[in-house]
Every structure is written in C-alpha cells, then in structure tokens.
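Note on naming: letters A, B, ... go to the chains in the order of the sequence lines (proteins, then strands), and numbering restarts at 1 for each one. If you're wondering where the values come from, they're calculated on a predicted model, not measured in any experiment.
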There are 2 protein chains.
Amino acid sequence: MSRRDEVLQAALDLLDEVGLDSLTTRRLAERLGVRPGALYRHFDSKRALLDAMVDVVIGGGSEVDDGPPQPTKDTWDEQIRTIATGARAAMLTHRDGARLVVTHLLPGPRAEPGVAQLAWETMLTILRPTGLSEAGAAGVIDTIFAYVNGFTIEEQARDGFPQPAERRALRDQGFAIGLDLILTGVRAKMKSV
Amino acid sequence: MSRRDEVLQAALDLLDEVGLDSLTTRRLAERLGVRPGALYRHFDSKRALLDAMVDVVIGGGSEVDDGPPQPTKDTWDEQIRTIATGARAAMLTHRDGARLVVTHLLPGPRAEPGVAQLAWETMLTILRPTGLSEAGAAGVIDTIFAYVNGFTIEEQARDGFPQPAERRALRDQGFAIGLDLILTGVRAKMKSV
DNA sequence: ACCTGAACACCGTTCAAGT
DNA sequence: ACCTGAACACCGTTCAAGT
C-alpha cells in the first residue's frame, strides 16, 4: 500500500467520523501525525483528494477489474435495478457519500472518463436491445440517476451515519418502490413505440 | 425593507455572482460596506442566513400568501406536474439553488415546518382522492422529490448559471420526460389496486 | 521519497465599545 | 439600532529546507 493510498484511506475514515463539512486537510494531517503541507506531496489539492475519494466510493474497488459487463439472462429491468441499487449501496458505504459523489463528480475541468461514465454506458448497452431510441434511452438513464442521487442525498442528510439497520431496511423498501415506478413507466413507453 | 432583508437580498445576489462555495460572510460584509461582525446583528450564524435564503428560494414569495392550494379542475397528474415543475423552476432562479435547498433544508435541529412541508402536504391532498393508500402516496411523493432534487442538482453543476436559453429548453424537455415516466408508473399502480 | 517550519491569504464568530 | 476594532481559533496552500 503506497503512502498515497494510506492518506486516501485515512481521509475516508475521517469522512465517516466527522462528515464532509468537517473533513479538513489539517485534521487529516493531524490524524496522520504529519504537518498539513506534507499532504501536498501526495495530492495536488484538496479537490484532487476528494476526487480520489469519489473514485473509491463509486468504484467499490471491483468494476474496473471485472472489465466490461458480463452477459446475463436477466431481463433489462432486472439489470437496471441491479445497477441502481448498487449505486445507492456504494454511496451509503460512507458518510455523506452521495453528496461527495454528486458534488465532485461532474464539475471542474476533469473530463470525467471514469467508473461513472462506464455505468452510464453499461445502462445504454442494456437498453439498446429494447427498441428504445438512443435519445429515449438517454432520458431513461438520466431519470434513474437523478432519482438515485436525489434519494440517497436526502436519506443521508436525514438519517446520519451509519443508518440503523431497521431504518436501512425501510429505506431499501422505499427506494425499490420508487425505482419500480420509473421502470413501469419505461415499460409503458416501450409498448407505445 | 428592513436591514435584515437588505442583507438577505445581498446574499442572494452574491450567490448568483460567485456560487455557493465562494459565498462567505466576509465577502458579503464587504459587498455591504460593513465589517464581518456586523452581520451577526441580523443573523445568528451563517447557517441561519443560508436557511433564510432557502426560504426565499423555495417560497418564491407567494405560496404562503396564497394560502392553501386552490381547488382546480386539473387532473391529479397535471397538478403534480405543476408542483414538480415549479419546484425545479424555483431552484433554478439562483445559482446552486438546488444544492442550497437540499443541503440546508433538512438537517439540523430545525424541525422544518415551512414551505417544503406545505408542498409535501399539498401533494398528499392531491393524491388522497385517487385511491392510493397513505403509504403509497407518501412513496410517490418521496420519489418525485428525489427525482426533482437529483435532476436539478445535476444540471446546475453541469450547466453553470445562468443556463443558456436553449440549454434550458433542452433540460425542460428532459425533465418533463422523466417526470412522465414516474407519473405513468403511478397510474399503473393505481389501476392495479 | 517524505516531512518540517514557517509563512500567506483566507475563513466564521465574539464582544466590548462607539454613534 | 447598527456598526467598528480587534481579537480568536480556524481554513487551504506554498516552499525552502531538512532527513
């Protein structure tokens, strides 16, 4: 494990302890037993550190190694459900995970060719054989990510970290219900084409 | 216009100019020609100021005066569409409006009996006569707000402020498509009960 | 390669004192 | 009622210098 990864791991631990708003470079340095300036040998800026944290959260450490999506016998809606559920679960693994991801994934000069792009294209691949137009499929994917992100930001703001187990179960249910609403809408749209 | 309202208005102007991350009490004080400490006569904390800004953004200055929702001949889905579209439009009136609202609306000891609660209950009133159970209706409302918030946070991060007019038109279309997906799902759910 | 020491330009907030 | 002056405990970041 490189020193850079140790710093990154410490940052994620600190995030879970104090939350995104209290995650400062100075606190992180203190936790590492080091002066604040020393961090800048490993990350160009706090922003770069947060970007690396985002990659860990949404990467989950496996998708990239697994390569492109495996062919399955699952129906398209089961596959979409799996991806959406996995995205929420990934963001829930760290405190303020959704806010971290949504706020730091898109903006900046970073062209963002990463795991997020990969998830997007995976969904497109799943939807392409369904008869939906390219633009129609894009609209569906945007809708699902908007829902996943909005849902998860809200629950993390409300519930704190970690979620109590039975609260989590309740939210899992609520999430599935909303997702099914959307997927039902998609099915209707497919039939009407 | 009270001095407090002048400070609040200046804060909203500053937000549009520099964005939420650069909105500092010191910059706001400078813009008002005043020392930073002077702000604390009008707002207990920056948090209190941000809360007041949220109220302006989502209140839009009219809902409360208008009193409870007017009875209309619109169908339930047209009414829901109006509220959801209005919520997005309200957040788009200021730079980072969605992030401001979503991040500062829920947390904290603030019980949050405000315009948000009112919008939620309005939706419940709209959905009650449709035959949906109370829990079912709550699930629908949560889904719609998750979608609206997620969609708007994302577009504001991507597009900047203000959105170019034809970009806005494109996003209006995309928003309507996703919303219709959800509403179609709700219709199907109603039929199956 | 990694860190220290020390600085720089910032933050939010408090509070006595002025007008 | 509203603001100043001055302080306090923080921020992110840079950079020569050490080991």
Cationic tip of B/Arg88 above B/Phe151 ring, under 6.0 Å, 45° of axis: no
DNA chain D nearest-nucleotide lookup for A/Ser22 and B/Pro36: closer to the 5′ end is B/Pro36
- Does OP1 or OP2 of C/dT14 have a side-chain N or O of B/Tyr40 closer than 4.0 Å? no
Out of C/dT4, C/dC2, D/dG12, minimum distance to the side chain of A/Arg3 belongs to C/dC2
Less than 4.0 angstrom between a side-chain N/O of A/His42 and OP1 or OP2 of C/dA1, yes or no?
no
Taking a pair to mean Watson-Crick or G-U wobble geometry with both distances below 3.5 Å, D/dC11 pairs with none
Rounded to whole Å, NZ of A/Lys46 lies from P of C/dC10 at a distance of 18 Å
message = I'd like to check B/Val18 versus B/Arg95 (side-chain heavy atoms, cut-off strictly below 4.5 Å). Are they in contact?
response = no
When rounded to whole Å, the CD to P distance for the pair B/Glu30 and C/dG12 reads 13 Å
If pairing means Watson-Crick or G-U wobble with both distances under 3.5 Å, then the partner of C/dC2 is D/dG18
Looking only at C/dT4, D/dC3, C/dT13, the nucleotide nearest the B/Arg41 side chain is D/dC3
Strictly below 4.0 Å, N to O, side chains only: are A/Arg81 and A/Glu78 in salt-bridge contact?
no
Of C/dT4, D/dG12, C/dT13, the nucleotide closest to the side chain of A/Arg26 is D/dG12
Are side-chain N/O atoms of B/Thr184 and B/Arg187 paired as donor and acceptor at under 3.5 Å? yes
Whole-Å distance, B/Asp21 CG to C/dC11 P, equals 13 Å
When rounded to whole Å, the CZ to C1' distance for the pair A/Arg31 and C/dC3 reads 19 Å
Note to self: Less than 3.5 Å apart, any donor N or O on the side chain of A/Gln9 or A/Asp5 sitting next to an acceptor on the other?
What the structure shows: no
A/Arg27 CZ to D/dC11 C1', in whole Å, measures 11 Å
When rounded to whole Å, the CG to C1' distance for the pair B/Leu32 and D/dT4 reads 15 Å
The nucleotide from D/dG12, D/dA7, C/dT4 with an atom nearest the side chain of A/Thr24 is D/dG12
N or O in side chain of B/Arg35 less than 4.0 angstrom from D/dC3 OP1/OP2: no
When rounded to whole Å, the CG to C1' distance for the pair A/Leu28 and D/dT13 reads 14 Å
From CZ of A/Arg47 across to P of D/dT13 the rounded distance in Å is 11 Å
